[in-house]
> 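Structure below; questions to follow.
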Amino acid sequence: MEVKRRAVLGGLAAWPVLPAASAAAAAPARDPRTSALGLVRLQGSLEPQVVTPWWYEVAIYAVLPAKPPQLVLRAEGCETYVIRPEQDGRFRSGGVTVTAFKDPVNETWLDQFDNPFTGQRNIVRPNILTGAAFIYPGDGSVPLPDAALLKRSDTAPVAKGAAATTGWVKWLESGPLVGCMMERKSAGAYQPFMETTSMWTDTATFFNPALPVRQVTFSSSFLVPWLGWMAMAGAPGHLLWHSTGHKLGGLDELPARYRARAEALAPGVLARNPFLA
């Protein structure tokens, strides 16, 4: 694995440091957007022992037939990445996720939820995923779930195989920024889903292989069935999660209020990446 990492980093050292406008035209074979390297630099780190956390805030809407979407929940969370090079230009990531749900009005942490659609009081379960893993294809296409390591969760889909998930990646440039839009969807998971995500960073850093990409922001829309703990399986409608957040330099940069809640719900989980075990 160390030999592969050195080979990858050696290849990176050959990238020219070019302005964004000329990078693709001058050296398309070395443009990080044409391989897995672009997504890896945005989402994580090329150092296989570095844990990259992302913090996010979520608004969750209920979408029912012939009715306007209704804000029913808020959430706050963190997911982490450790990314390692694999064969043929591929990368593999492993991570954990802890998402805690909040009241949509006063944003207090929720242990119970008065379901407006069923009239029942539900016990709220946080979304805790401790074995998430994805494969980044060498051609730079959308990362695919590594079904062997994914574990079931109320909100994170578990695909039956890599072919069950499809999608696309589109790279964008605007002024001093470079980023991408990415879609993932699956009908072969235990729950169907579709997610569209955008990520942005500064152009000069992204095209300079000597610099780590640290300042990245994202937004995401995630369409899924009702949460399992809402006890609404088979009911018409679905949920729309809209998230926004950014890449962190470490877990110590997490908001203190969220970090305390995450540790209360899942002590030590955020610091336990499966690739570091």
> Is any side-chain heavy atom of F134 closer than 4.5 Å to a side-chain heavy atom of F91?
no
> Can you list every pair that meets side chain to side chain donor-acceptor pair (under 3.5 Å) and has a residue in residues 131-143, with sequence neighbours left out?
Q43-Y136, D139-S141
> Would you say V142 and F222 are hydrophobically clustered, going by side-chain heavy atoms of ILVMFWY under 4.5 Å?
yes
> Under the 3.5 angstrom rule, does the side chain of N208 hit a backbone N or O of A210 as a donor-acceptor pair?
yes
> Can you confirm whether V124 sits close enough to N122 that some side-chain heavy atom of one is under 4.5 Å from a side-chain heavy atom of the other?
no
> So for atom CZ, which belongs to R214, do other residues, nucleotides or ligands contribute more than 12 heavy atoms lying within a distance under 6.0 Å?
no
> Indicate every side-chain donor-acceptor pair of residues 56-73 with a distance under 3.5 Å to a residue at least two apart or in another chain.
unit_1, atom_1, unit_2, atom_2, d
Y56, OH, T99, OG1, 2.6
E57, OE1, K102, NZ, 3.3
E57, OE2, K102, NZ, 3.0

> Mind listing the closest non-hydrogen atom pair of G228 and R125 along with its distance?
C-NH2, 3.9 Å
> Inspect the surroundings of CD in Q215 and state if more than 12 heavy atoms from other residues, nucleotides or ligands are less than 6.0 Å away.
no
> So do R257 and E76 actually touch side chain to side chain, heavy atoms under 4.5 Å?
yes
> Decide yes or no for W54 and C78: does some side-chain heavy atom of the first lie under 4.5 Å from some side-chain heavy atom of the second?
no
> Roughly how far, to the nearest 0.5 Å, is the CZ atom of F101 from the CD atom of E107?
14.5 Å
> Are a donor atom and an acceptor atom from the side chains of E195 and S220 found within less than 3.5 Å of each other?
yes
> Once you round to the nearest 0.5 Å, how far does OG1 of T217 lie from CE of M199?
10.0 Å
> Quick one: side chain to side chain donor-acceptor pair (under 3.5 Å) partners of S243, sequence neighbours excluded?
none
> Compare all side-chain heavy atoms of L239 with those of L223 and state whether any distance is below 4.5 angstrom.
no
> Determine, step by step, whether R184 and M194 satisfy the side chain to side chain contact (heavy atoms under 4.5 Å, CB included) criterion, reporting the C-alpha distance in whole Å, the side-chain angles of both residues, the deciding distance to 0.1 Å, and the verdict.
CA-CA 6 Å; R184 296 187 306 126; M194 187 188 80; over 6 Å; no
> Which atom pair, heavy atoms only, marks the closest approach of V269 to V98?
CG1-CG2, 4.0 Å
> Assess the side chains of S198 and S219: does a donor N or O sit below 3.5 Å from an acceptor N or O?
yes
> Would you call the rings of F206 and W171 parallel, tilted or perpendicular, taking 30° and 60° as the class edges?
tilted
> Kindly say whether Q120 contributes a backbone atom to a donor-acceptor pair with the side chain of N115 at under 3.5 angstrom?
no
> Examine the side chains of H242 and S221 and answer whether a donor and an acceptor come within less than 3.5 Å of each other.
yes
> Does the pair R261/D111 count as a salt bridge with the N-to-O cut at 4.0 Å?
yes
> Tell me, with the steps shown, if F218 and T197 meet side chain to side chain contact (heavy atoms under 4.5 Å, CB included).
CA-CA 7 Å; F218 90 98; T197 300; 4.1 Å; yes
> One pair to check against side chain to side chain contact (heavy atoms under 4.5 Å, CB included): C180 and L39. What are the steps and the verdict?
CA-CA 9 Å; C180 71; L39 288 176; 3.8 Å; yes
> Side chain of R84, backbone of F275: donor and acceptor closer than 3.5 Å?
yes
> Do any N or O atoms from the side chain of W226 and from the backbone of A235 form a donor-acceptor pair under 3.5 angstrom?
yes
> Among residues at least two apart in sequence or on other chains, which ones pass salt bridge (charged side-chain N to carboxylate O under 4.0 Å, His left out) with D114?
R121
> Ion pair present between D31 and R33, side-chain N to carboxylate O less than 4.0 angstrom?
yes
> Using a strict 4.0 Å threshold on nitrogen-to-oxygen distance, state whether R259 and E253 make a salt bridge.
no
> Check V82 against V50 and note the closest heavy-atom contact, atom names and distance.
CG2-O, 3.7 Å
> Rounded to the nearest 0.5 Å, what separation is found between the CG atom of L254 and the CG atom of L270?
6.5 Å
> I want to check something: taking the side chain as every heavy atom from C-beta on, are I123 and Q112 in contact at a cut-off of under 4.5 Å?
yes
> Measure the spacing between CG of L37 and CG of L42 and express it to the nearest 0.5 Å.
11.0 Å
> If hydrophobic residues (ILVMFWY) are linked whenever their side-chain heavy atoms come closer than 4.5 Å, directly or via other members, who joins L177 in its cluster?
W168, L172, M181, W200
> Which heavy atom of V96 sits nearest a heavy atom of P274, and at what distance?
CG1-CD, 4.0 Å
> Can you name the residues that form a side chain to side chain donor-acceptor pair (under 3.5 Å) with R74, not counting sequence neighbours?
none
> Do T118 and M230 pass the side chain to side chain contact (heavy atoms under 4.5 Å, CB included) test, and can you show the C-alpha distance, the side-chain angles, and the key distance before you say yes or no?
CA-CA 9 Å; T118 66; M230 295 176 77; over 6 Å; no
> Identify the heavy atoms of L265 and A100 that sit nearest to each other, and give their distance.
CD1-CB, 3.8 Å
> Give, for atom CG of L110 and atom CG of D103, the distance between the pair rounded to the nearest 0.5 Å.
5.5 Å
> Given 3.5 Å as the limit, does a donor-acceptor pair link the side chain of T203 with the main chain of P176, or not?
yes
> Using modelled atom types only, decide if a donor and an acceptor are shared between the side chain of K185 and the backbone of G167 within a distance under 3.5 Å.
no
> To the nearest 0.5 angstrom, please state how far the CG atom of N127 sits from the CH2 atom of W241.
5.5 Å
> To check you understand the geometry: which heavy-atom pair defines the closest contact between E263 and G268, and what is its length?
OE1-N, 2.9 Å
